[in-house]
> 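Take a look at this one; I'll ask things after.
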Amino acid sequence: LENGWFREECDLWSGYSMCLKVDEVLYHEKSKFQDIMVFKSKRFGNVLVLDGLVQCSEKDEFAYQEMIANIPLYSHPSPENVLIIGGGDGGVVREVVKHPSVKKVVLCEIDEEVCNVSKKYLPGMAVGLSHPKLELCIADGVEYLEKCEGKFDVIITDSTDPVGPAEGLFELRFYKLIHKALKPDGIMCNQGENIWLDKELIQDVLKKCRAVFPCVSYANCTLATYACGQIGLVLCSNTMRDLSKPVRTLTEDEVEANDYKYYNSAVHSASFVLPNFAHKAFGLP
Ligand code: AAT
């Protein structure tokens with residue numbers, strides 16, 4: 001904090017930083033796994049920060065949470081069992097349980113304190129944490145997956161960046177475990193970092209994914225409070241399919257009824273269209 005501004009900086013993207021004006025720091029403690037801070041911001045509501053990096057703000061979280069949940073779920077004809085790794089704030093669960101076909105959601109979050117803090121300061125997201133379809137599991141995502149085989153229709157990794165507890169979620173072994181934990185027609189969707197700052201990291205992730213899955217794609221999402229106003233999604237499928245074409249499309253009334261503030265069927269397809277430099281760098285077809 002400098003003169004009432006929070007400044008986000010990260011060794012992964014040295015030379016860039018993003019600032020938000022702080023009204024009040026509401027919480028700041030070290031958990032067993034990371035430094036957790038929540039502050040009330042001037043423009044974006046309450047903001048959750050882990051190890052100095054913004055995880056979500058109340059004003060724009062819908063963009064990322066709707067996209068990371070709905071791109072894989074609307075690409076699947078009938079998702080029933082869903083696993084979320086990370087996402088302890090509950091926002092992704094909130095979106096996943098809107099799908100009537102979903103029978104059960106497991107949330108595997110490493111840090112229970114993230115859930116506790118979210119219940120107190122991010123109630124609009126934490127609603128997901130008390131949903132009857134949810135099984136909450138406090139564990140490391142890699143360790144949880146080791147015990148799973150052919151279980152899930154969709155696996156979503158809503159993880160922090162590969163410094164700290166999420167390092168293992170960017171390794172080849174992790175993608176192999178996801179492949180094993182998915183049903184034969186399952187779909188994976190992972191937090192896919194930023195096309196301006198993390199090009200090499202994304203290339204590395206896509207290379208590892210291509211070694212495991214026959215079908216690998218990348219989608220784009222924009223929002224205000226992540227670095228450079230952009231975050232990507234890495235999508236993989238065990239079967240060849242065009243993930244940019246939702247298999248279930250929505251009418252305007254359905255978009256309204258689901259309270260989607262970002263996602264619709266046109267946005268789904270459009271999010272796979274990338275600027276030339278990214279398209280080329282990621283070797284996409
Ligand atoms: N929806 C909020 C956005 C997040 S949250 C990421 C969550 O992943 C955190 O709660 C963190 O505790 C959890 N996590 C980290 N490592 C693991 C692990 N090994 N197993 C399970 N959960 C883990 C992500 C925002 C991305 C920001 C991009 N710059």
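First listed ligand is number 1; within each ligand, the first listed atom is number 1. Numbering of residues begins at 1 and proceeds along the displayed sequence.
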> For ligand 1, which atoms have a heavy atom of Gln65 less than 4.0 angstrom away?
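Those of ligand 1 that fall under 4.0 Å from Gln65 are 1 (N).
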> With no hydrogens and no angle check, is any side-chain donor or acceptor of Glu149 less than 3.5 Å from a backbone partner on Ala181?
no
> Under 3.5 Å, is there a donor-acceptor pair linking the side chains of Gln191 and Asp158?
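No, Asp158 and Gln191 have no side-chain donor paired with an acceptor closer than 3.5 Å.
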> Look at ligand 1 and say whether Gly91 reaches it with a heavy atom at a distance under 4.0 Å.
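Heavy atoms of Gly91 never come under 4.0 Å of ligand 1.
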> Looking only at N/O atoms, are Asp161 and ligand 1 under 3.5 Å apart anywhere?
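N/O-N/O distance below 3.5 Å exists for this pair.
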> What are the atoms of ligand 1, with element, lying closer than 4.0 Å to any heavy atom of Val114?
10 (O), 12 (O)
> Taking only heavy atoms of Leu50 into account, list the atoms of ligand 1 that are under 4.0 Å away from them.
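Checking each atom against Leu50, I get 9 (C), 10 (O).
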> Strictly by side chain to side chain donor-acceptor pair (under 3.5 Å), give each pair with a member in residues 275-285 just once, sequence neighbours left out.
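The answer is none; no pair qualifies.
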> Within the structure, does Pro165 bring an N/O atom to less than 3.5 angstrom of an N/O atom in ligand 1?
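For ligand 1, there is an N or O atom that lies under 3.5 Å from one belonging to Pro165.
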> Got an N/O contact under 3.5 Å between Glu109 and ligand 1?
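Right, the criterion is met.
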> Are any of the N/O atoms in Asp158 less than 3.5 Å from those in ligand 1?
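Yes.
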> Please work out whether any backbone atom (N, CA, C, O) or any side-chain heavy atom from C-beta onward of Phe33 is under 4.0 Å from ligand 1, and answer side chain, backbone, both or neither.
neither
> Under a plain distance cut-off of 3.5 Å, with no hydrogens placed, do His268 and Asn70 share a side-chain donor-acceptor pair?
no
> Which atoms of ligand 1 sit under 4.0 Å from any heavy atom of Gly86?
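In order of number, 7 (C), 8 (O), 13 (C), 21 (C), 22 (N).
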> Using only heavy-atom distances, determine whether the side chains of Asp60 and Thr225 contain a donor-acceptor pair under 3.5 Å.
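Side-chain D/A pair, Asp60 to Thr225: present.
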> Going by distance alone, is a donor N or O of one side chain under 3.5 Å from an acceptor N or O of the other, for Asp11 and Ser14?
no
> With a 4.0 Å cut-off on heavy atoms, is Thr160 in contact with ligand 1?
yes
> Does any N or O atom in Gln34 lie less than 3.5 angstrom from one in ligand 1, N or O only?
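By distance alone, the answer is yes.
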> Would you tell me whether Asp111 and Ser31 have side-chain atoms, one donor and one acceptor, within less than 3.5 Å of each other?
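Yes, because at least one side-chain N or O of Asp111 sits under 3.5 Å from a partner of the opposite role on Ser31.
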> Nearest protein heavy atom to atom 25 (C) of ligand 1, by residue and atom, and its distance?
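Its nearest protein heavy-atom neighbour is Gln55 OE1, 3.2 Å.
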> Does ligand 1 have any atom sitting under 4.0 Å from a heavy atom of Leu53?
no
> Please indicate whether any nitrogen or oxygen in Ser159 is less than 3.5 Å from any nitrogen or oxygen in ligand 1.
no
> Is it true that the side chains of Gln55 and Asp89 contain a donor and an acceptor less than 3.5 Å apart?
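Looking only at side-chain atoms, Asp89 and Gln55 do not form any donor-acceptor pair under 3.5 Å.
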> So if I apply the side-chain contact (heavy atoms from CB on, under 4.5 Å) rule between Asn46 and each of Glu61, Glu24, Glu58, which one comes out positive?
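The passing option is Glu58.
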> Side-chain contact, heavy-atom cut-off 4.5 Å: Ser217 with Ser244?
no
> Give the ring-plane orientation class for Phe152 versus Tyr144, where under 30° counts as parallel, over 60° as perpendicular and anything between as tilted.
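The rings of Phe152 and Tyr144 sit tilted, inter-plane angle from 30° to 60°.
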> Within the 4.0 Å heavy-atom shell around Ile231, which atoms of ligand 1 are there?
28 (C)
> Quick one: does Ser159's side chain get under 4.5 Å of Phe170's, heavy atoms only?
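They are in side-chain contact.
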> Examine ligand 1 and decide if any of its atoms is less than 4.0 Å from a heavy atom belonging to Ala139.
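Heavy atoms of Ala139 do come under 4.0 Å of ligand 1.
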> Of Ile110, Ile138, Ile84, which has the heavy atom at the shortest distance from atom 22 (N) of ligand 1?
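That would be Ile110.
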> State the atoms of ligand 1, each with its element, that fall below the 4.0 Å cut-off from a heavy-atom position in Leu169.
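Atoms satisfying the 4.0 Å criterion: 17 (C), 18 (C), 19 (N).
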> In the protein, what heavy atom is nearest to atom 27 (C) of ligand 1, and what distance, to one decimal place, separates them?
Val54 O, 3.9 Å
> Are any of the N/O atoms on Gly141, whether in the backbone or the side chain, positioned under 3.5 angstrom from an N/O atom of ligand 1?
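Yes.
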> Using a 4.0 Å cutoff against the non-hydrogen atoms of Cys108, which atoms of ligand 1 qualify?
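Every atom of ligand 1 under 4.0 Å from some heavy atom of Cys108: 21 (C), 22 (N).
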> Look at ligand 1 and say whether Glu167 reaches it with a heavy atom at a distance under 4.0 Å.
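Contact check Glu167 vs ligand 1: negative.
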> Do the side-chain N and O atoms of Thr251 and Asp253 include a donor-acceptor pair separated by under 3.5 angstrom?
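The criterion, which ignores hydrogens and geometry beyond distance, is not satisfied for Asp253 and Thr251.
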> Polar-atom distance check: Asp140 versus ligand 1, any N or O pair below 3.5 Å?
yes
> Tell me if the aromatic rings of Tyr263 and Tyr74 count as close, with their centers under 6.0 Å from one another.
yes
> So is Lys59 actually on top of Phe44's ring, under 6.0 Å and inside 45° of the axis?
no
> For ligand 1, which atoms have a heavy atom of Ala166 less than 4.0 angstrom away?
15 (C), 16 (N)
> To check your reading of the model: name the closest protein heavy atom to atom 2 (C) of ligand 1, its residue, and the distance in Å.
Asp89 OD2, 2.7 Å
